[in-house]
Amino acid sequence: MPWTDDVVAAFREQEVRLIAYVADRVLAPAIERMAADPYFHLVCLTREEEGVGVLAGGYLGGMRGALLLQSSGFGNTLNGFGSLILPYQIPLVMLLSVRGGPGEFNVCQVPLGQALPRVLDDMDIPRYDLDRPEAVSPVTRGAVRLAFATGKPVALLLSTLLTGGKGGRI
Amino acid sequence: MDRMAATRVVLARAGDALIVSNLGSNTYDLHALGHRPANFYMWGAMGLTASVGLGLALARPERRVIVLDGDGSLLMNLGALATAAAQAPGNLVHIVWVNGLWQETGGQPIATAGAADLAAIGRGAGLRRVVAVDDPDGLDAALARAMAEPGPWLLVARLHETGSHEPPPVRPIANRDEFMAAAREAPKA
């Protein structure tokens, strides 16, 4: 997948090494790529909010990271953002596989997937769409730079328009 | 065991360790016993103290990292024990104070007041170096090992409540900056 190459290259260039993740079919190739690359240190989580803590600790120790998750799992992270990331101004990059949009087959993915942009806006978390191949590299690189330069979380929203969705059949 | 006395035992063994304290009592006690730049005081994110300690331990493998956690908070994030066991950072010392209460909200009893056993849960999560203690000497002996031998360690200490109730006058952002500078330093021998 070309988007996978671009995301992994942007993470490397920006020294994003600590990769905390919860499984997702769309993100799987990126996770596998980074797991096979000793530059990255992967942490398989039990729940997304745990990753907010792990990445905050990594940042405090001087290691940049990113959280890879599904839009539904973002719902599990909210208090981590509200009472750790935002008040301490800790940068946190999220790569979100957005469910509940074009191609979705599971109604249980729809409410949170579709509310995601509004929830992010309400939490003052900047969001950027990865929905076209040519956007992936500059948007990922730029969002990571923004996060670490300003102490903000950022959300990169992986669209099914780019990835083809679960199983590649949008 | 008295909570403040137990925190004193930890500090006497801590050396230059990076310490992350759980919201409420643990943060208050740690600050009340004397501010150190290597203290990271949490004010929120209940349950995430163990995870912050894990991330820190992975980022700074040369430094000892001590997590001062509470039983009510850890019960919110038991998965963190499984993740710590899987990652197995040798420099992580996770200390859990067990009072069987939600202390900050009025002392309501929680699962650890009854049958829940955090040491057994830690072992079940895959942690090998788990010690349960209930007095200062036991805690001190466990810490002596935990600060010298590879972990990850889980020390589960039963105690009662006599710590500080004084929120420290520390702003999170200032704490973050000072702590990050302390974390960058090389370990002292």
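In the text below, chain A, chain B and the rest are named by the order of the sequence lines, each starting its count at 1. Small disclaimer: the values here were computed from a predicted structure and weren't measured.
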(message) Check whether D134(B) reaches the backbone of R158(B) with its side chain - one donor and one acceptor, N or O, closer than 3.5 Å.
(response) no
(message) Quick check on the interface: out of A86(B), A59(B), A82(B), who has the most heavy-atom pairs with chain A under 4.5 Å?
(response) A59(B)
(request) Please determine, among G79(B), G44(B), A50(B), A57(B), the option with the most heavy-atom pairs under 4.5 Å with chain A. (result) G79(B)
(request) Give the member of L60(A), L45(A), L84(A), I90(A) that has the highest number of heavy-atom pairs under 4.5 Å with chain B. (result) L60(A)
(message) So for A45(B), is it side chain, backbone, both, or neither that comes closer than 4.5 Å to the heavy atoms of chain A?
(response) both
(request) Evaluate the side-chain proximity of F11(A) to I19(A): yes if any heavy-atom separation is below 4.5 Å, no if none is. (result) yes
(request) Please flag which part of I85(A) lies under 4.5 Å from any non-hydrogen atom of chain B: side chain, backbone, both or neither. (result) neither
(request) Tell me whether V22(A) is reachable from L112(A) by hopping between hydrophobic residues (I, L, V, M, F, W, Y) whose side-chain heavy atoms are closer than 4.5 Å. (result) no
(request) Evaluate the side-chain proximity of L30(B) to L11(B): yes if any heavy-atom separation is below 4.5 Å, no if none is. (result) yes
Chain B/chain A interface donor-acceptor pairs under 3.5 Å:
| unit_1 | atom_1 | unit_2 | atom_2 | d |
| --- | --- | --- | --- | --- |
| Y41(B) | O | Y88(A) | OH | 2.5 |
| W43(B) | N | Y88(A) | OH | 3.2 |
| A45(B) | N | S83(A) | OG | 2.6 |
| T83(B) | OG1 | E50(A) | OE1 | 3.3 |
| T83(B) | OG1 | E50(A) | OE2 | 2.5 |
| Q87(B) | OE1 | H41(A) | NE2 | 2.5 |
| Q87(B) | NE2 | L42(A) | O | 3.0 |
| R176(B) | NH1 | Y88(A) | O | 3.2 |
| R176(B) | NH1 | Q89(A) | O | 2.5 |

(message) Could you check whether any side-chain heavy atom of L95(A) comes within less than 4.5 Å of a side-chain heavy atom of L27(A), counting everything from C-beta outward?
(response) yes
(message) Under 4.5 Å side-chain heavy-atom separation, chaining through any Ile, Leu, Val, Met, Phe, Trp or Tyr, what else clusters with L74(B)? Say none if it is isolated.
(response) L23(B), M46(B), L75(B), M76(B), L78(B), L81(B), V96(B), V98(B), W102(B), I110(B), L118(B), I121(B), L127(B), V130(B), L154(B), V156(B)
(request) May I ask you to test the F179(B)-L56(B) pair for a side-chain heavy-atom distance under 4.5 Å? (result) yes
(request) Output, in order, the C-alpha distance, side-chain angles, deciding distance and verdict of side-chain contact (heavy atoms from CB on, under 4.5 Å) for V119(A) and F81(A). (result) CA-CA 12 Å; V119(A) 177; F81(A) 281 97; over 6 Å; no
(request) Compare all side-chain heavy atoms of I95(B) with those of V93(B) and state whether any distance is below 4.5 angstrom. (result) yes
(request) With a 4.5 angstrom heavy-atom cut-off, could you sort out which part of L55(A) is near chain B: side chain, backbone, both or neither? (result) neither
